[in-house]
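Naming: A, B, ... by sequence-line order, numbering from 1 per chain.
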2 protein chains.
Amino acid sequence: MNNKMVEEKIEKLKEACKKQHMRVTNQRIEILKEVASSTSHPDAEAVFEAVKSKLPNISIDTVYRTLASLEDLNMIFRVDNQLPKARFDADKTPHHHFICTRCGEVFDIFVNERDKIKIPQQAFKIGTIKDANLQIRGVCNKCNGKKKEN
Amino acid sequence: MNNKMVEEKIEKLKEACKKQHMRVTNQRIEILKEVASSTSHPDAEAVFEAVKSKLPNISIDTVYRTLASLEDLNMIFRVDNQLPKARFDADKTPHHHFICTRCGEVFDIFVNERDKIKIPQQAFKIGTIKDANLQIRGVCNKCNGKKKEN
DNA sequence: ACTCTTAATAAGAATAATTCTTATTAAGAG
DNA sequence: CTCTTAATAAGAATTATTCTTATTAAGAGT
């Protein structure tokens, strides 16, 4: 993302914070700026190191907390929708996964021939492909129900 | 997977082990049996608990090691291709990811309108969808090169 | 079957990523 | 400018996973 786009993103952050009654802190701005201007899908540690030059006293915990809140605000997202634990499957039939971002449950979605995913040509230039699957992220019905109870 | 399919899978494991000069251990058999007969994408802890009834002395380390080796043998796979660290991205333009299973590098793949993924109808019944992206797993060219050096 | 080599294991310590606890700071409402 | 409290820094704690080391057992060779 170029400078202008990053600046626009910061403006969006400010609006989003106001809307959610969240405070616009330097930490939030600098961390979003860093993720938005990076092209390397940085991890928390990399963001921490990069942001230190602007905010020398920042703690790694703030980075984690802020990345999570920026995700909540829909400003950034987590590549691969990391789950706290690795989960395994022995069924090699090509199928997709619906992953509930709230409870971590994984739902299989088996598709027919017509709905099979096609791997973009570009991918073959990057390396040797082992497999590919569609990852659908959302909130499952069960968790949606729970939300209403609160 | 039904009993018969599980048994077939165990046979495949035995063949694969012989081919790779790996020993056919009870731990490998029971762990594969557990993952293959489960429908819940179990994590290491769940496999550990389930397998304890058959092998009361099994250690959690063996479960982790065995799950990894079963993955190597292509008998099971890891849902979501868990990476050791969470990685973030601020670019919400729909795009896919090529994830190198060896070095963890994530490569963006931007696609044109025609190659856009279509979310299977079934997914909408499971819950509220936030987003979806294609995850292509493989080994990047750089890592493929390194392999040859050995 | 018996022996031997060594891959695989159990046990528990160690590590790495992430989250929690608590005291302090500062955003922004009034 | 003051006050409330959300957000933070610091470091301890936790959780998933991996490593270390001594022991066991698979299976090759006899």
Problem - Enclosure of A/Asn2 CG (heavy-atom neighbours >12, cutoff 6.0 Å) - result: yes
Completion exercise
On a heavy-atom basis, the closest approach of A/Ile58 and A/Phe48 is O-CE1, 3.2 Å
Handout entry: Under 3.5 Å donor-acceptor, A/Lys33 side chain and A/Val6 backbone
Key = no
Problem - Pairing stems for DNA chain C [at least three consecutive pairs; Watson-Crick or G-U; under 3.5 angstrom] - result: C:1-30 with D:1-30
Practice task
Check A/Met75 against A/Leu32 and note the closest heavy-atom contact, atom names and distance.
Solution key: CE-CD2, 3.8 Å
Exercise for the section: Determine the interplanar angle of the A/His97 and B/Phe77 rings, folded into 0 to 90°, and report it as parallel if under 30°, tilted if 30 to 60°, perpendicular if over 60°. Expected result: tilted
Completion exercise
Whole-Å distance, B/Lys18 NZ to C/dA7 C1', equals 16 Å
Exercise for the section: Measure from NZ on A/Lys14 to C1' on C/dG28 and round the result to the nearest Å. Expected result: 14 Å
Problem - Within residues 54-62 of chain A, residues whose heavy atoms come under 4.0 Å of DNA chain C - result: A/Asp61
Practice task
Examine D/dT18: is either OP1 or OP2 under 4.0 Å from a nitrogen or oxygen in the side chain of B/Arg65? Give yes or no.
Solution key: no
Problem - Gap between atoms CG and C1', on B/Leu67 and D/dA16 respectively (whole Å) - result: 13 Å
Exercise for the section: Would you please confirm or rule out a distance under 4.0 Å between OP1 or OP2 of C/dT19 and any side-chain N or O of A/Tyr64? Expected result: no
Problem - Salt-bridge present (A/Glu7, A/Lys4; N to O < 4.0 Å) - result: no
Practice task
Answer yes or no: is there a side-chain heavy-atom contact under 4.5 Å between A/Ile136 and B/Pro120?
Solution key: yes
Problem - Closest-nucleotide 5' rank along DNA chain D - winner of B/Cys17 and A/Thr66 - result: A/Thr66
Problem - For DNA chain D, the residues among residues 19-29 of chain B that have a non-hydrogen atom under 4.0 Å from it - result: B/Arg23, B/Val24
Practice task
Round to the nearest Å and state the distance from B/Lys52 atom NZ to C/dA10 atom P.
Solution key: 12 Å
Exercise for the section: Please step through salt bridge (Lys or Arg N to Asp or Glu O under 4.0 Å) for the pair B/Lys18 and B/Glu15, ending with a clear verdict. Expected result: CA-CA 5 Å; B/Lys18 270 172 199 158; B/Glu15 288 165 33; over 6 Å; no
Handout entry: B/Lys14 backbone acceptor or donor facing B/Arg28 side chain under 3.5 Å
Key = no
Problem - same_hphob_cluster(A/Ile129, B/Leu134) at 4.5 Å side-chain heavy-atom cutoff - result: yes
